[in-house]
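Written below as structure tokens is the structure these notes are about.
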Amino acid sequence: METKSRFYDLQKKKMPVLDVNNLPKNKQEIVTFTNKFGHKKITAILNWENGFLTSEEGIPAVQMEDFHTEYWENGVISNTRLDGNGNMMPAVISDYGTHLEYWINGKRIK
């Protein structure tokens, strides 16, 4: 499946991500990544619950400095929220808002 999710591999593994004490991550963390070209650093805010990425109260699980955003529920890419007009909201927002992916319970629907 083609997706612009930068964390899709975590969904495929279905295993909790552990911290340095070998316990499931349970916090918000700020991480800096080197981009795919190996030179620019990109900062991300990641939200963890029981070792899985999770969105809470409309706050994305992944928020990146380059405006890439992902919503996760129960360890999979998903956004079941609706906007003010009753339209489904995207779970992956990439390329400065020009690329939108809609996911429910780990399955891409459009």
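Not measured: the values here are computed from a predicted model.
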Could you verify whether a donor N or O on one side chain and an acceptor N or O on the other, from E101 and T3, lie under 3.5 Å apart? yes

Chi angles and distances behind the side-chain contact (heavy atoms from CB on, under 4.5 Å) call for I104, T80: CA-CA 6 Å; I104 295 179; T80 55; 4.2 Å; yes

Keeping the roles fixed (side chain from N79, backbone from Y71), state whether a donor-acceptor pair exists under 3.5 Å. no

Taking V31 as the starting point, is it possible to reach L18 by hopping between hydrophobic residues whose side chains are less than 4.5 Å apart? no

Do L53 and V62 come close enough that some side-chain heavy atom pair is under 4.5 Å? yes

So if you build clusters from Ile, Leu, Val, Met, Phe, Trp, Tyr with side-chain heavy-atom gaps below 4.5 Å, do F7 and V17 land together? yes

Could you name each residue pair satisfying side-chain hydrogen bond (donor to acceptor under 3.5 Å, both in side chains) that touches residues 15-26, not counting sequence neighbours? K25-E29

Under the 3.5 angstrom rule, does the side chain of E70 hit a backbone N or O of I93 as a donor-acceptor pair? no

CZ (F33) with more than 12 external heavy atoms under 6.0 Å: yes

Is the shortest heavy-atom distance from the side chain of V76 to the side chain of K14 under 4.5 Å? no

Answer yes or no: is there a donor N or O on one side and an acceptor on the other, between the side chain of S78 and the main chain of E73, under 3.5 Å? no

Can you tell if the side chain of T43 reaches within under 4.5 Å of the side chain of I30, non-hydrogen atoms only? yes

Donor-acceptor pair, Q11 side chain versus I77 backbone, under 3.5 Å? yes

Is the backbone of N87 close enough, under 3.5 Å, to the side chain of N85 for a donor and an acceptor to pair up by distance? no

Shortest non-hydrogen contact between L10 and W72, atoms and distance: CB-CH2, 4.3 Å

Under the ring pair (Phe, Tyr, Trp, His ring centres under 6.0 Å) rule, what pairs show up with a residue in residues 40-60, not counting sequence neighbours? none

Q63-T69 side chain donor-acceptor pair, cut-off 3.5 Å: no

Hey, are the side chains of T32 and I42 touching, using non-hydrogen atoms and a 4.5 Å cut-off? no

Are I45 and M64 side-chain neighbours, meaning at least one heavy-atom pair lies under 4.5 Å? no

Test side-chain contact (heavy atoms from CB on, under 4.5 Å) applied to K12 - qualifying residues, sequence neighbours left out: Y8, D9

Step by step, would you call M88 with R81 a side-chain contact (heavy atoms from CB on, under 4.5 Å)? CA-CA 6 Å; M88 182 178 202; R81 295 179 319 119; over 6 Å; no

So with a 6.0 Å cut-off around CE of M15, is the heavy-atom count from everything else above 12? no

Counting N and O atoms only, with roles assigned by atom type, does the side chain of N47 sit under 3.5 Å from a partner on the main chain of P60, one being a donor and the other an acceptor? yes

